[in-house]
Amino acid sequence: MKPPKSIQITAIGSYAPPKVVTNYDLSHMVDTSDAWIHSHTGIRERHVADEEESTSNLAYRAIEDLLESYNLKASNIDGIVCATATPDYPGFPSVACMIAEQFGITGPALDVSAGCTGFIYALEVARAMIATGSMKNALVVGAEKLSGVVDWKDRNTCVLFGDGAGCALLEPSEEETGFIDTLLKAEAAGTKALTIHPEKHAIEMDGRAVYSFAVRTIGSTIETLVKRNNLAMEDIDWIVPHQANQRIIQACSKRYGIPEEKFYMNIDRFANTSAASIPLALREMDRAGLLKKGQKILMVGFGAGLTYGGTLLTWTY
Ligand code: UT7
């Protein structure tokens with residue numbers, strides 16, 4: 001099969017559960033305060049799923065949003081790649097298979113596990129499968145129910161995370177536009193800095209180590225993708241980073257000389273939603289009319305693994 005000239009994002013959707021937990025609410029649960037959380041992270045509140053709402057339920061709602069908003073039918077979707085660190089079941093079925101069953105999608109369906117970099121990794125998996133003809137098109141989903149894997153008594157971690165889901169439709173095209181370049185990496189020596197403890201079933205993190213790793217890898221990923229595609233920073237319209245900490249972005253902007261206003265941030269209202277954070281941000285930008293045809297968008301993520309990566313593309317609608 002002749003590979004398509006390009007692969008594009010042609011639609012986006014998202015969902016955040018309605019329940020909002022503020023920093024003030026958390027200050028009644030652990031020894032913390034709105035002042036500490038906001039000054040150290042930029043977070044004010046997060047969405048938290050009900051007990052019976054699972055990661056696949058969040059993903060289902062995000063896809064519903066995409067289909068309804070773009071007037072599309074599930075029968076036109078061929079495959080699903082879902083990035084998640086919080087699948088409904090530890091083994092099978094995968095979240096992707098659960099969604100495929102609910103929407104009657106019969107092409108390839110698989111989950112990708114790359115922590116908070118999951119959405120970037122999943123985009124590349126889907127892009128490669130479309131390029132080889134294994135899928136006609138794909139829904140790439142990032143969905144997380146992190147509230148189910150945080151220790152609500154540990155102030156070091158419970159204030160940082162939230163729940164949500166986002167998705168993008170990837171389609172082949174004969175126009176020379178869409179995805180330009182992707183960088184994917186892992187520094188597995190840092191694995192222990194961020195894990196979900198198997199017995200306690202709760203996130204454990206060396207915050208300082210992840211912080212330094214994030215500032216360094218976000219900056220170097222952006223620089224590499226810009227330089228090796230013969231672009232200048234001014235050519236990039238938006239950087240959409242994984243939303244983990246506003247201070248990480250400020251430090252990165254200062255160290256690498258990247259204007260802070262290029263980074264789209266919504267961490268104040270969602271906290272860290274891991275693999276869902278980038279598509280949640282994209283959908284918000286889409287709704288606000290910030291994404292325009294021809295713009296250069298650079299998405300960049302980092303997280304458990306430790307993994308990191310970025311993708312550069314031209315927005316096509
Ligand atoms: O998606 C990737 C996942 N993770 C990340 O991106 C996290 C990266 N790291 C970070 O964002 C930051 O390291 C944190 C926000 C986690 C922590 O900020 P920090 O400025 O590095 O604080 P710290 O860990 O050095 O802690 C400073 C103090 C400690 O008290 P002592 O030992 O100085 O007395 C903590 O016990 O702040 C204390 N502390 C808190 N105080 C009030 C930690 N969490 C809280 C809290 N409320 N929620």
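Fair warning: this is a prediction, and the values are worked out from it, not measured in the lab.
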Close side-chain approach of Phe161 to Arg46, heavy-atom, < 4.5 Å: no
Got a donor-acceptor contact below 3.5 angstrom from the Asn245 side chain to the His40 backbone? yes
Given side chains that start at C-beta, do those of Val300 and Ile120 come closer than 4.5 Å, heavy atoms only? no
Report yes if some heavy atom in the side chain of Leu184 is under 4.5 Å from a heavy atom in the side chain of Tyr121; otherwise report no. yes
Arg283 and Ser69: side-chain donor and acceptor closer than 3.5 Å? yes
Only one of Thr84, Thr273, Asn272 passes side-chain hydrogen bond (donor to acceptor under 3.5 Å, both in side chains) with Glu144, and that residue is Thr84
Are there over 12 heavy-atom neighbours, none belonging to Tyr89, within less than 6.0 Å of that residue's OH? no
Using side-chain hydrogen bond (donor to acceptor under 3.5 Å, both in side chains), reason through Asn137 and Asp78 one step at a time and then give a plain yes or no. CA-CA 6 Å; Asn137 59 31; Asp78 190 33; over 6 Å; no
Decide yes or no for Ile297 and Leu312: does some side-chain heavy atom of the first lie under 4.5 Å from some side-chain heavy atom of the second? no
For atom NZ of Lys262, decide whether the heavy atoms of other residues, nucleotides or ligands shown that lie under 6.0 angstrom number more than 12. yes
For Val48, does its backbone N or O pair with a side-chain atom of Asp163 as donor and acceptor, under 3.5 Å? no
Would the distance check show the side chain of Arg44 and the main-chain N or O of Asp268 forming a donor-acceptor pair, the cut-off being under 3.5 Å? no
Other residues, nucleotides, ligands: >12 heavy atoms within 6.0 Å of Glu174 CD: yes
Please answer whether the main-chain N or O of Lys296 pairs with a side-chain N or O of Asp235 as donor and acceptor at a distance below 3.5 Å. no
So Phe103 and Tyr60, would you call those rings parallel, tilted or perpendicular, with 30° and 60° as cut-offs? parallel
Taking Gln243 for the side chain and Asn266 for the main chain, is one N or O donor matched with an acceptor at less than 3.5 Å? yes
Is the backbone N or O of Ser94 less than 3.5 Å from a side-chain atom of Asp111, with the two atoms forming a donor-acceptor pair by type? no
Taking Arg269 first and then Glu284, would you say they form a salt bridge - that is, a charged N and a carboxylate O separated by under 4.0 Å? yes
Taking the side chain from Thr307 and the backbone from Ala304, do they hold a donor-acceptor pair closer than 3.5 Å? yes
Minimum heavy-atom distance Phe119-Ala168, with the two atoms named: CZ-CB, 4.1 Å
Determine whether more than 12 heavy atoms belonging to other residues, nucleotides or ligands lie under 6.0 Å from atom CD of Glu101. no
Looking at His38, I'd like to know if its NE2 atom is crowded, meaning that more than 12 non-hydrogen atoms belonging to other residues, nucleotides or ligands lie closer than 6.0 Å. yes
I'd like to know if the side chain of Gln295 reaches the main chain of Lys292, judged simply by a donor and an acceptor atom lying under 3.5 Å from each other, with no hydrogens or angles considered. yes
Contact summary for Ala281 and Val240, nearest pair of heavy atoms: CB-CG1, 3.8 Å
Ignoring hydrogens and geometry, is there a side-chain-to-backbone donor-acceptor pair from Thr86 to Lys145 under 3.5 Å? yes
Among the clusters formed by ILVMFWY side chains lying less than 4.5 Å apart, do Tyr15 and Val21 turn up in the same one? no
Aromatic ring pairing His47/Phe270, orientation class (parallel under 30°, perpendicular over 60°, tilted between): parallel
Tell me whether Tyr24 at atom OH has more than 12 heavy atoms from other residues, nucleotides or ligands lying less than 6.0 Å away. no
Same cluster or not: are Val159 and Leu194 linked, directly or through other Ile, Leu, Val, Met, Phe, Trp or Tyr residues, by side-chain heavy atoms under 4.5 angstrom apart? yes
What I want to find out is whether Asp151 reaches Lys200 closely enough, with some N-O distance under 4.0 Å, to be called a salt bridge. no
